[in-house]
*Asks:* 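Pasting a structure here, questions to come.
In this text, all values refer to a predicted model and were calculated from it rather than measured experimentally.
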Amino acid sequence: MALSEMNGDGSEQEEDRCQEPDVIATGNILESFTESQEIRGLINSLKGVYGNLGTREVTIEKFIVIMDKYQEQPHLLDSHLEWMMHLLLDVVRDNRSPSPLVHLAFKFLYIITKVRGYKIFLRLFPHEVADLQPVLDMFADQNPKDYETWETRYMLLLWLSMTCLIPFDLARLDGNILSEEGRTRMPIMDRILKVAKSYLVVSDKSRDAAAVLVSRFITRPDVKQKRMADFLDWALSTLSKSSFQTMEGTIVMDGMLQALVNTVDTIKDNPWKLMPSTVLECLDNCKLSESNQTLLRKLGVKLVQRLGLTFLKPKVAKWRYQRGCRSLAANLQFSAQVPVAQNLVAAAVTAAADEEEYDIPGEVENVIEQLLIGLKDKDTIVRWSAAKGIGRITGRLPKELADDVVGSLLDCFSFQETDNSWHGGCLALAELGRRGLLLPSRIADVVPVILKALTYDEKRGACSVGSNVRDAACYVCWAFARAYDPLELKPFVNQISSALVIAAVFDRDINCRRAASAAFQENVGRQGTFPHGIDILTASDYFAVGNRVNCFLNISVYIASFPEYTQSMIDHLVNMKINHWDGVIRELSTKALHNLTPQVPEYMTNVVLPRLLPLSVGTDLHTRHGAILACAEITHALYKLAAENNSETTYCHSQARIEKTLSEVWVNHDSLPDYY
């Protein structure tokens, strides 16, 4: 029987009303690829089914159904990828194969690539010198506007991106560039670039493969020397002439940005030293932050951070914090015997003093400013990319400048900022902590901010925002547990542990409760300083916190039995939950107060009730509703406690004060909604 069913205060009926949908997905755990014979039969049957529309569609559907089973475990296909590719490429290379059959074979190749990922599949393509010319010749038969065969062009571009890496100068393959008619043929180098440029501006997925081709082809030493400058000039010119206000312009900008993102890492190694500055200036003029296209803004942030890295020396900061040797057994015994901490911070300071001084280009300030703006973007993927960029660039800055970046991050947590800013700031702090770039001297400034983020909940109309902020704050706590020595976080243990317990038990959203439970578990294992960590973790694990009613009415009672958490849990319910916009949360909170009253009846009587009584006659209807229910539940709990002790209750207030408050409630009852 579940804990909620054993509760005697009617919580089983409440569970029926407040039950959250079960979000625990049931996945198929496969051990191996068992359909190899069936797949082989489907591939071998392509020559017989490609001409009949019905049988062709049935064959494709069977192949897709089998492959989709391995979306969550694509590594099971690895030992079978090679023979599947060879069977399909044999069809493609056969000169007798008609065009529909070739397209069908490439479609099957794309389905496999979609499941396993193109980076793994790419290595299996034939990439000998003899393969380059046939692959290039296949593009002559392709129509970029034929939207039914885009899989063929996508796979051909990936194949070309592999064959173009042959370790020979491409000029050797041109031979006599004069054709039989006496006209000059285009060199292979220019042919490949022409193909890449033409597919960077198409509207289908071939654009992504063209960007991969550019990133691999442009890094060849011969191409870098002869064609890189011209290609970058063309890309920047095309980018500056396009506008994200039109669909055509958005497609072109997407292709150019993908190509620049993939190639900008190589700019530092060639003679055009001013090119990164030129790219950054062009990007500023595009004003991508004003675009309503999420992908363009993400690519813009990604390009900015990679440009920023080209301005800085590729080295690991000597001043960064390193936790050093870690032992799970030592962490679990930390409360019994505190180990001697290694003086790693002093060593880091000494190393920083010996660090080589070098000038930071002025463009880096512009890069960091754009990344800080990206942290406030309205889309999560843009904020996450900006947070990773902040972490990577800060790792190459001197200690003083890195500390300035941390100070700018803390400005994201002003209550004048939106929830997007809070979420992006949390992601960036977690990234800095994970990389050891947030020194222990800054923890005292960061912890109060994270504690506020763990309970961040801003009302918007009939609902609220902030669940992503609370989830990211749990990620920060998880990252800090892995990054810092227990002695560094010891002054903040009680605050962090209480905040994580409250989030794991009383948060409205199941993903936030589970994130808090995971962060609490990481701290118990890595730090070993959380009071009663193992006991609490056993009661509030990933699956236990999945039921909201169980969290409010049962798990909370168990955790509150430990005095370190009792008062903070009650205060949180009174301050933030009885006035919640969701009526279900208000009712559960008052029932939780009822269950917690026997733990500290004096505190409920002397502190909580005096705070609730004025709220029960307030102007806010949500607060009034929650306060009245809370007063009733606490009073009922005190009565039951006195009855159990066979004595008159001594936990009461001035009768005059209670009567006065109740009379005010009765006078104002006409202003309450019907459901109150």
*Asks:* Below 4.5 Å, heavy atoms only, C-beta onward: do Lys224 and Ile218 meet side chain to side chain?
*Replies:* no
*Asks:* Measure the spacing between CG of Leu109 and CG of Leu88 and express it to the nearest 0.5 Å.
*Replies:* 4.5 Å
*Asks:* Any donor-acceptor pair under 3.5 Å linking the side-chain atoms of Ser408 with those of Asp411?
*Replies:* no
*Asks:* Apply side-chain contact (heavy atoms from CB on, under 4.5 Å) to Ile112 and Met84, showing your working.
*Replies:* CA-CA 9 Å; Ile112 301 171; Met84 286 191 285; 4.1 Å; yes
*Asks:* In terms of side-chain geometry, is the basic nitrogen of Asp379 or Lys298 positioned less than 4.0 Å from the acidic oxygen of its partner?
*Replies:*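 Lys298 and Asp379: not salt-bridged.
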*Asks:* Got a sec: does the NZ of Lys388 have more than 12 other heavy atoms crowding it under 6.0 Å?
*Replies:*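 Enclosed.
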*Asks:* Does any pair with a residue in residues 250-259 pass side chain to side chain donor-acceptor pair (under 3.5 Å), and if so which ones, sequence neighbours excluded?
*Replies:*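 Only Arg207-Asp254, Asp208-Gln258, Asp254-Gln258 qualify under side chain to side chain donor-acceptor pair (under 3.5 Å).
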*Asks:* In chain order, what residues pass the side chain to side chain contact (heavy atoms under 4.5 Å, CB included) check against Ser421, with sequence neighbours excluded?
*Replies:* Lys376, Cys412, Glu417, Thr418
*Asks:* Is it the case that atom CD in Gln71 sees more than 12 heavy atoms from other parts of the structure closer than 6.0 Å?
*Replies:* yes
*Asks:* Quick check: does any side chain N or O of Arg434 sit under 3.5 Å from a backbone N or O of Val476, one acting as donor and the other as acceptor?
*Replies:* no
*Asks:* Would Asp419 and Arg460 pass as an ion pair if we require N to O under 4.0 Å?
*Replies:* yes
*Asks:* Does the Thr310 side chain pair with the main chain of Leu307, one donor and one acceptor, at a distance under 3.5 Å?
*Replies:*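 A pair under 3.5 Å: yes.
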*Asks:* Can you sort out the partners of Asp404 under salt bridge (charged side-chain N to carboxylate O under 4.0 Å, His left out), two or more places apart, ordered by chain and number?
*Replies:*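 Asp404 satisfies salt bridge (charged side-chain N to carboxylate O under 4.0 Å, His left out) with no residue once adjacent residues are dropped.
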*Asks:* Are any non-hydrogen side-chain atoms of Asp68 and Lys114 less than 4.5 angstrom apart?
*Replies:*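 Result yes, sub-4.5 Å side-chain heavy-atom pair found.
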*Asks:* Keeping the roles fixed (side chain from Trp159, backbone from Leu132), state whether a donor-acceptor pair exists under 3.5 Å.
*Replies:*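 A pair under 3.5 Å: no.
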*Asks:* Using the test side chain to side chain contact (heavy atoms under 4.5 Å, CB included), find all partners of Pro74 that sit at least two apart in sequence or belong to another chain.
*Replies:*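 With sequence neighbours excluded, Pro74 shows a side chain to side chain contact (heavy atoms under 4.5 Å, CB included) to Val115, Arg116, given in chain and number order.
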*Asks:* Show the atom names and distances, to 0.1 Å, of all donor-acceptor pairs under 3.5 Å that link a side chain in residues 280-287 to residues at least two apart or in another chain.
*Replies:*
unit_1: Asp284; atom_1: OD1; unit_2: Gln370; atom_2: NE2; d: 2.4
unit_1: Asp284; atom_1: OD2; unit_2: Asn366; atom_2: ND2; d: 3.0
unit_1: Asn285; atom_1: ND2; unit_2: Glu281; atom_2: O; d: 3.2

*Asks:* Taking only residues two or more places apart in sequence, or in another chain, which ones meet Ser99 in a side-chain hydrogen bond (donor to acceptor under 3.5 Å, both in side chains)?
*Replies:*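 side-chain hydrogen bond (donor to acceptor under 3.5 Å, both in side chains) check on Ser99 returns His103.
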*Asks:* Check this for me: does any side-chain nitrogen of one of Arg153 and Asp204 sit under 4.0 Å from a carboxylate oxygen of the other?
*Replies:*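 Answer for the salt bridge query: yes.
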*Asks:* Could you check whether the rings of Phe413 and Trp422 sit parallel, tilted or perpendicular, using 30° and 60° as the cut-offs?
*Replies:* perpendicular
*Asks:* Under the rule for salt bridge (charged side-chain N to carboxylate O under 4.0 Å, His left out), what residues qualify as partners of Arg383, not counting sequence neighbours?
*Replies:*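 Not a single residue meets the salt bridge (charged side-chain N to carboxylate O under 4.0 Å, His left out) criterion with Arg383.
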*Asks:* When you check the side-chain N and O atoms of Ser277 and Glu363, is any donor under 3.5 Å from an acceptor?
*Replies:* yes
*Asks:* Pairs of donor and acceptor atoms involving the side chains of residues 186-193, under 3.5 Å and at least two apart or interchain, shall be tabulated with distances.
*Replies:*
unit_1: Asp190; atom_1: OD1; unit_2: Arg227; atom_2: NE; d: 2.7
unit_1: Asp190; atom_1: OD1; unit_2: Arg227; atom_2: NH2; d: 3.1
unit_1: Asp190; atom_1: OD2; unit_2: Arg227; atom_2: NH2; d: 3.4
unit_1: Arg191; atom_1: NH2; unit_2: Asp137; atom_2: OD1; d: 3.3

*Asks:* Show, in sequence, the C-alpha distance, side-chain angles and deciding distance for Ile393 and Phe311, and conclude whether the side-chain contact (heavy atoms from CB on, under 4.5 Å) test is met.
*Replies:* CA-CA 10 Å; Ile393 291 179; Phe311 293 113; over 6 Å; no
*Asks:* Residues two or more places apart in sequence or in another chain: which of them pass ring-ring contact (aromatic ring centres under 6.0 Å, His included) with Tyr147?
*Replies:*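 Per chain and number, Tyr147 pairs via ring-ring contact (aromatic ring centres under 6.0 Å, His included) with no residue.
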*Asks:* Measure the CG-CG distance between Leu288 and Leu296 for me, rounded to the nearest 0.5 Å.
*Replies:* 6.0 Å
*Asks:* Side chains of residues 231-240: which donor-acceptor partners sit under 3.5 Å, not counting sequence neighbours?
*Replies:*
unit_1: Thr238; atom_1: OG1; unit_2: Trp234; atom_2: O; d: 2.7
unit_1: Ser240; atom_1: OG; unit_2: Leu236; atom_2: O; d: 3.1
unit_1: Ser240; atom_1: OG; unit_2: Ser237; atom_2: O; d: 2.9

*Asks:* For the pair Leu439 and Lys399, evaluate side-chain contact (heavy atoms from CB on, under 4.5 Å) and give the outcome as yes or no after the intermediate values.
*Replies:* CA-CA 10 Å; Leu439 295 179; Lys399 181 181 177 182; 3.4 Å; yes
*Asks:* Please collect all salt bridge (charged side-chain N to carboxylate O under 4.0 Å, His left out) contacts where either partner lies in residues 438-449, sequence neighbours excluded, each pair once.
*Replies:*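 Counting only pairs at least two positions apart or across chains, the salt bridge (charged side-chain N to carboxylate O under 4.0 Å, His left out) contacts touching residues 438-449 are Asp403-Arg442, Arg442-Asp445.
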*Asks:* Asn292: what forms a side chain to side chain contact (heavy atoms under 4.5 Å, CB included) with it, not counting sequence neighbours?
*Replies:* none
*Asks:* Using a 6.0 Å cut-off, check whether atom CD of Glu365 has over 12 heavy atoms from anything other than its own residue.
*Replies:* no
*Asks:* Check whether any side-chain heavy atom of Ile166 sits under 4.5 Å from a side-chain heavy atom of Leu170, and report yes or no.
*Replies:* yes
*Asks:* Checking side chain to side chain donor-acceptor pair (under 3.5 Å) for the pair Ser464/Asp457: CA distance, chi angles, key distance, verdict?
*Replies:* CA-CA 6 Å; Ser464 67; Asp457 193 25; 2.7 Å; yes
